[in-house]
Amino acid sequence: QVQLVESGGGLVQAGGSLRLSCAASGRTFSNYAMGWFRQAPGKERDFVAAISWNGRSTLYADSVKGRFTISRDNAKNTVTLQMNSLKPEDTAVYYCAAGGLFTTSRRYAYWGQGTQVTVSS
């Protein structure tokens with residue numbers, strides 16, 4: 001089992017920045033690729049970004065490329081998502097997940113409880 005706890009969400013104006021963090025505990029964190037997904041009301045859970053177990057490979061959704069950066073610190077068992085130039089359409093609950101380096105949610109075995117990000121126009 002891997003337990004994941006997200007933090008750092010909140011309310012920000014369009015054009016602003018937020019930094020999300022995900023703290024992991026349980027099984028060896030460095031065994032897993034990590035991903036961030038988001039879900040807006042009435043919509044499906046969408047892929048945002050993912051990072052390989054060693055941090056050398058990353059994947060991003062087209063909608064966030066150039067604005068969001070995913071990183072990890074295996075010594076601290078954390079993964080972060082730096083979000084810049086935020087847009088109202090980035091508003092969603094953001095979830096941290098552990099699994100393989102994939103863009104589909106079903107390939108991730110462990111999930112956090114989510115953190116709300118709201119971007120006002």
Side-chain angles (χ1 to χ4, degrees):
Q1 282 286 78
V2 177
Q3 292 78 43
L4 303 172
V5 179
E6 302 96 335
S7 61
L11 173 64
V12 64
Q13 288 188 331
S17 298
L18 279 176
R19 185 178 179 89
L20 304 183
S21 294
C22 175
S25 61
R27 299 184 70 178
T28 306
F29 175 71
S30 59
N31 284 351
Y32 298 94
M34 298 296 296
W36 286 96
F37 290 77
R38 65 187 181 186
Q39 188 166 20
K43 296 188 177 181
E44 294 184 351
R45 189 169 296 188
D46 291 331
F47 171 76
V48 175
I51 188 167
S52 61
W53 69 272
N54 58 6
R56 293 177 181 174
S57 298
T58 56
L59 299 172
Y60 293 95
D62 288 343
S63 59
V64 307
K65 280 181 181 177
R67 300 189 298 123
F68 291 10
T69 302
I70 188 171
S71 61
R72 68 187 295 162
D73 185 337
N74 286 345
K76 296 182 178 179
N77 285 3
T78 58
V79 60
T80 60
L81 185 69
Q82 178 66 44
M83 305 187 295
N84 298 329
S85 302
L86 283 161
K87 304 175 181 180
E89 50 264 45
D90 294 318
T91 295
V93 177
Y94 282 70
Y95 297 90
C96 171
L101 188 63
F102 300 104
T103 61
T104 53
S105 58
R106 65 179 182 273
R107 303 304 293 266
Y108 289 79
Y110 304 104
W111 292 83
Q113 82 289 349
T115 186
Q116 176 70 47
V117 171
T118 303
V119 184
S120 62
S121 56

J.: Report yes if some heavy atom in the side chain of Gln82 is under 4.5 Å from a heavy atom in the side chain of Phe68; otherwise report no.
T.: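 Result no, sub-4.5 Å side-chain heavy-atom pair not found.
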
J.: Which heavy atom in Val12 sits nearest to a heavy atom in Leu86, and how many Å separate them?
T.: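 Heavy atoms only, the tightest pair is CG1-CD1, 3.6 Å.
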
J.: How close do Ser85 and Ser17 get, heavy atom to heavy atom, and via which atoms?
T.: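 So the minimum-distance heavy-atom pair works out to N-OG, 4.3 Å.
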
J.: Measure the CD1-OG distance between Ile51 and Ser57 for me, rounded to the nearest 0.5 Å.
T.: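 The OG atom of Ser57 is 9.0 Å from CD1 of Ile51, to the nearest 0.5 Å.
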
J.: Just by modelled atom types, is the Gly10 backbone N or O under 3.5 Å from a matching donor or acceptor in the Gln116 side chain?
T.: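 No; zero donor-acceptor contacts below 3.5 Å.
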
J.: Mark yes or no: Arg38 above the aromatic ring of Tyr95, with NZ or CZ under 6.0 Å from the six-membered ring centre and no more than 45 degrees from the axis.
T.: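 Checked: cation-pi criterion not met.
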
J.: Taking only Lys NZ, Arg NE, NH1 and NH2, and the carboxylate oxygens of Asp or Glu, determine whether Asp62 and Lys65 approach each other closer than 4.0 Å.
T.: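 Salt bridge: yes.
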
J.: In the single-linkage hydrophobic clustering (I, L, V, M, F, W, Y; side-chain heavy atoms under 4.5 Å), do Val48 and Leu59 co-cluster?
T.: no

J.: Using a distance-only test with no angle check, is there a side-chain donor-acceptor pair under 3.5 angstrom linking Asp73 and Thr78?
T.: no

J.: Can you confirm whether Glu44 sits close enough to Gln39 that some side-chain heavy atom of one is under 4.5 Å from a side-chain heavy atom of the other?
T.: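 Result no, sub-4.5 Å side-chain heavy-atom pair not found.
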
J.: Tell me the closest heavy-atom pair linking Val79 and Cys96, and the distance in Å.
T.: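 Scanning both residues, the minimum pair turns out to be CG1-SG, 3.8 Å.
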
J.: Are any side-chain N or O atoms of Tyr60 and backbone N or O atoms of Gly66, one a donor and one an acceptor, separated by less than 3.5 Å?
T.: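 Side chain of Tyr60 to backbone of Gly66, a donor-acceptor pair under 3.5 Å: no, none is there.
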
J.: I'd like to know if the side chain of Tyr108 and the backbone of Gly100 have a donor-acceptor N/O pair within less than 3.5 Å.
T.: yes

J.: Would you compute the distance between atom OG of Ser52 and atom CG of Leu101 and round it to the nearest 0.5 angstrom?
T.: 6.0 Å

J.: Would you give the length of the straight line joining atom CG of Leu81 to atom SG of Cys22, rounded to the nearest 0.5 angstrom?
T.: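 Reported to 0.5 Å precision, the distance equals 10.5 Å.
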
J.: Between Leu4 and Ala98, what is the shortest heavy-atom contact and its length?
T.: CD1-N, 3.7 Å

J.: Taking the side chain as C-beta and beyond, is there a heavy-atom pair between Trp36 and Leu20 under 4.5 Å?
T.: yes

J.: Is the NZ or CZ atom of Arg45 both under 6.0 Å from the centre of the six-membered ring of Trp111 and within 45° of that ring's axis?
T.: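 That pair qualifies as a cation-pi contact.
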
J.: Check the side chains of Thr80 and Ser71 for a donor-acceptor pair under 3.5 angstrom, ignoring hydrogens and angles.
T.: yes

J.: Could you give the distance from OG1 (Thr58) to CE (Met34), rounded to the nearest 0.5 Å?
T.: 14.5 Å

J.: Is there a donor-acceptor contact under 3.5 Å from the side chain of Thr118 to the main chain of Leu11?
T.: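 Not at all, since once roles are kept as given, no pair shorter than 3.5 Å links the two residues.
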
J.: Run the numbers on Phe29 and Asn74 for side chain to side chain contact (heavy atoms under 4.5 Å, CB included), then give the verdict.
T.: CA-CA 7 Å; Phe29 175 71; Asn74 286 345; 3.1 Å; yes

J.: If you measure from CE on Met83 to OH on Tyr94, what distance do you get to the nearest 0.5 Å?
T.: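 Reported value, rounded in 0.5 Å steps: 5.0 Å.
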
J.: Testing the basics here: between Ala14 and Ser121, what is the closest heavy-atom pair and its distance to 0.1 Å?
T.: CB-CA, 4.4 Å

J.: May I ask you to check whether Phe47 and Phe102 place their ring centres under 6.0 Å from each other?
T.: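 No, the ring of Phe102 stays outside the 6.0 Å limit from the ring of Phe47, centre to centre.
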
J.: With rounding to the nearest 0.5 angstrom, report the OG to CG distance, Ser30 to Asn54.
T.: 9.5 Å

J.: Does NZ or CZ of Arg72 come closer than 6.0 Å to the centre of the six-membered ring of Tyr32, within 45° of the ring's axis?
T.: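 No cation-pi geometry.
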
